[in-house]
Amino acid sequence: MTREDPVLGQKTAIIFVADRNFLMPSILAMLQISRQKDTMSVADLFLFTTDLDDTDFRTITDLVTTHGITTIRLDLDKVLSEQETLSFRKTHISISALGRFFTGSCIDPKYENILYIDGDVQVIGSIFDLANADIPDDKILGVIDKQFLKAKERDKSGEKTREYLKKLGILHEADYFNSGVLAAKRETWINLCKEAFDYFVKHSEDCMFHDQSALNAVSVGRRLPMSPKYNFTTMFAENNLLNIVKPSIIHFTGAEKPWFSKARPWQGRFMASYAELLKQFPQLEAFYSLGEYFHSSGQSGLNKIDRHANRMWFLTRILTPWRVILRRRKLLNHLKTKRFFI
């Protein structure tokens with residue numbers, strides 16, 4: 001592992017892990033955080049790369065170092081090649097997501113907390129309170145995911161969701177969390193990630209959502225609820241909760257990513273910010289290949305992703321309009337009654 005060190009200090013290490021296809025959006029999100037004076041008074045930024053050669057790693061390092069971002073190089077292929085039993089289901093989720101399991105030991109022990117953030121986010125508000133949180137030992141902060149809505153629904157998708165949660169040892173859908181934004185003490189993070197990777201090696205066929213599945217399986221009884229303000233997934237956006245939650249971090253879950261997608265619910269709202277980033281840093285063009293995203297077969301594949309998303313949006317509202325009402329009601333009740341750690 002190779003690293004470039006900044007002037008270190010703060011309480012929390014904010015980490016991103018990216019392969020080539022997620023470098024550009026990850027860097028945009030990190031730059032958004034770097035402009036937050038309150039957050040940067042208690043935190044430092046770290047970018048882990050998983051598949052860059054020496055030249056490309058130096059290019060990225062030179063680009064981000066002046067913005068207070070440390071680059072760390074993970075040899076993920078080497079680590080995973082040593083595991084003969086691994087099975088990784090092809091989805092929009094990159095195998096680089098497993099890289100988070102090996103980040104903790106690369107972070108100086110002077111940092112009390114680790115705040116992990118996926119690259120497919122936009123940071124539109126302050127995350128100071130999250131970066132400065134006093135997190136108990138052996139606990140991890142996370143936000144509910146779509147299984148919270150699906151588990152009680154009486155259809156094939158609901159049945160599949162219940163079977164999935166049962167395999168992971170999760171008894172209640174509210175205990176399952178999205179892994180896009182997580183926070184824990186550094187030592188807790190290291191221990192949980194080791195347990196999660198061991199679980200993934202032994203049960204990868206059961207890990208429908210890869211690293212997220214494994215983290216949920218080993219975090220039963222250890223997760224503290226976090227407000228969706230800090231992980232406003234597409235589920236919340238689809239249920240028209242933007243003005244209620246007032247998010248600081250918007251997380252674009254699903255295959256429809258904000259740097260190319262015009263699908264609902266966001267309809268291309270954030271595309272311009274990525275175009276502006278490429279204009280500001282043209283060297284990132286070499287790391288921006290939409291043709292490789294989610295086995296998309298170029299622009300036609302990306303258009304297919306959008307068409308499918310829009311079709312599902314309308315079908316849900318036409319064929320099962322009551323489901324739209326019930327899902328939003330359930331989320332509103334969660335927001336009203338749940339006591340969030342932060």
Side-chain angles (χ1 to χ4, degrees), residues 25 28-29 32-33 35-36 38-39 115-118 120-133 135 140-153 157-158 161 172-183 212 216 223-258 261-273 309-310 312-318 320-342:
L28 176 61
Q32 290 170 335
I33 296 172
R35 301 183 191 109
Q36 296 185 8
D38 56 351
T39 301
L115 170 55
Y116 169 88
I117 304 177
D118 272 353
D120 53 347
V121 303
Q122 287 263 341
V123 184
I124 64 171
S126 175
I127 60 171
F128 171 79
D129 288 342
L130 179 57
N132 196 44
I135 307 170
I140 187 167
L141 306 186
V143 176
I144 58 169
D145 207 355
K146 59 186 179 182
Q147 286 74 14
F148 176 73
L149 296 179
K150 289 187 173 185
K152 292 292 174 63
E153 294 177 346
S157 179
T161 297
H172 195 281
E173 65 272 14
D175 294 330
Y176 185 89
F177 57 86
N178 179 275
S179 64
V181 181
L182 300 171
Q212 177 169 295
N216 269 277
R223 172 248 178 181
L224 295 175
M226 182 167 65
S227 168
K229 174 181 180 179
Y230 299 109
N231 189 4
F232 190 80
T233 62
T234 300
M235 171 184 71
F236 293 100
E238 289 174 339
N239 286 279
N240 196 29
L241 295 172
L242 179 67
N243 292 330
I244 293 175
V245 174
K246 296 179 173 57
S248 290
I249 300 177
I250 297 177
H251 182 194
F252 305 90
T253 49
E256 310 81 41
K257 298 307 180 188
S261 177
K262 295 180 181 179
R264 294 174 181 273
W266 298 108
Q267 298 181 293
R269 171 176 169 179
F270 297 94
M271 291 177 68
S273 61
N310 284 327
M312 295 306 297
W313 173 278
F314 284 112
L315 283 178
T316 300
R317 283 150 182 78
I318 293 171
T320 56
W322 64 88
R323 181 166 289 173
V324 176
I325 297 170
L326 292 176
R327 286 179 172 181
R328 188 169 192 272
R329 185 180 298 168
K330 186 170 185 179
L331 287 173
L332 284 170
N333 185 62
H334 175 77
L335 294 173
K336 181 179 179 180
T337 61
K338 195 69 174 180
R339 295 186 63 183
F340 298 114
F341 181 83
I342 187 169

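Because only heavy atoms are used, hydrogens play no part in the values below, and waters and symmetry mates are left out as well, while side chains stay in. Computed from a predicted model, the values in this text were never measured in an experiment.
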Can you see which heavy atom on Thr320 is nearest to which on Thr316, and at what distance?
-> OG1-O, 2.9 Å
Apply side chain to side chain contact (heavy atoms under 4.5 Å, CB included) to Asn310 and list each qualifying residue two or more places apart in sequence or on a separate chain.
-> Ala263, Arg264
Nearest-0.5 Å distance, CG of residue Leu326 to CG of residue Leu331 | 11.0 Å
Partners of Lys152 by side chain to side chain contact (heavy atoms under 4.5 Å, CB included), sequence neighbours excluded?
-> Glu173, Lys330
Which residues pass the ring pair (Phe, Tyr, Trp, His ring centres under 6.0 Å) test with Phe177, sequence neighbours left out?
-> none
Here the gap from Ile140 atom CD1 to Ile135 atom CD1, rounded to the nearest 0.5 Å, amounts to 9.0 Å
Among all residues two or more places apart in sequence or in another chain, which pass the side chain to side chain contact (heavy atoms under 4.5 Å, CB included) test with Ala131?
-> Thr39, Val42, Ala43
Between Gln212 and Ser179, does any side-chain donor sit less than 3.5 Å from a side-chain acceptor?
-> yes
Show me the donor-acceptor pairs, under 3.5 Å and distance only, between side chains in residues 224-233 and residues at least two apart or in other chains.
unit_1 : atom_1 : unit_2 : atom_2 : d
Ser227 : OG     : Lys229 : N      : 3.1
Asn231 : OD1    : His251 : ND1    : 3.0
Asn231 : ND2    : Asn178 : OD1    : 3.1

Mind checking side chain to side chain donor-acceptor pair (under 3.5 Å) for Ser273 and listing every partner two or more places apart, or none if nothing turns up?
-> Gln122
From CA spacing to verdict: side-chain contact (heavy atoms from CB on, under 4.5 Å), Gln267, Lys262 = CA-CA 4 Å; Gln267 298 181 293; Lys262 295 180 181 179; 5.7 Å; no
Contact check, side chains of Leu115 and Leu130, non-hydrogen atoms, under 4.5 Å | yes
Could you tell me which non-hydrogen atom of Ala174 sits nearest to which non-hydrogen atom of Ile144, and how far apart they are?
-> O-CG2, 3.7 Å
Set of side chain to side chain donor-acceptor pair (under 3.5 Å) partners for Arg323, sequence neighbours left out | Asp155
Only counting residues at least two apart or in another chain, list the ones meeting side chain to side chain contact (heavy atoms under 4.5 Å, CB included) with Asp175.
-> Ile170, His172
Over all heavy atoms of both residues, which pair between Val123 and Gln32 is shortest? Give the atoms and the distance, please.
-> N-OE1, 2.8 Å
Using distance only, find each side-chain donor-acceptor pair of residues 332-342 under 3.5 Å and give its atom names and separation, not counting sequence neighbours.
unit_1 : atom_1 : unit_2 : atom_2 : d
Thr337 : OG1    : Asn333 : O      : 2.7

Under the side-chain contact (heavy atoms from CB on, under 4.5 Å) criterion, do Leu182 and Leu141 qualify, and how do the steps go?
-> CA-CA 6 Å; Leu182 300 171; Leu141 306 186; over 6 Å; no
Roughly how far, to the nearest 0.5 Å, is the OG1 atom of Thr234 from the CZ atom of Phe236?
-> 10.5 Å
Please list, chain by chain and in numerical order, all residues satisfying side chain to side chain donor-acceptor pair (under 3.5 Å) with Thr161, sequence neighbours excluded.
-> none
To the nearest 0.5 Å, atom CD of Gln36 lies from atom OG of Ser248 at 7.5 Å
Output, in order, the C-alpha distance, side-chain angles, deciding distance and verdict of side-chain contact (heavy atoms from CB on, under 4.5 Å) for Glu153 and Arg327.
-> CA-CA 10 Å; Glu153 294 177 346; Arg327 286 179 172 181; 2.7 Å; yes
Pairs meeting criterion side-chain hydrogen bond (donor to acceptor under 3.5 Å, both in side chains) with involvement of residues 237-247, two or more places apart = none
Side chain to side chain donor-acceptor pair (under 3.5 Å) against Ser126, all qualifying residues, sequence neighbours excluded | Asp38
Hey, what do you get for OH (Tyr176) to CZ (Phe148), rounding to the nearest 0.5 Å?
-> 14.5 Å
Could you tell me whether a side-chain N or O of Glu256 sits under 3.5 Å from a main-chain N or O of Ser261, the two making a donor and an acceptor?
-> no
d(Met235 CE, Arg328 CZ) to nearest 0.5 Å is 13.0 Å
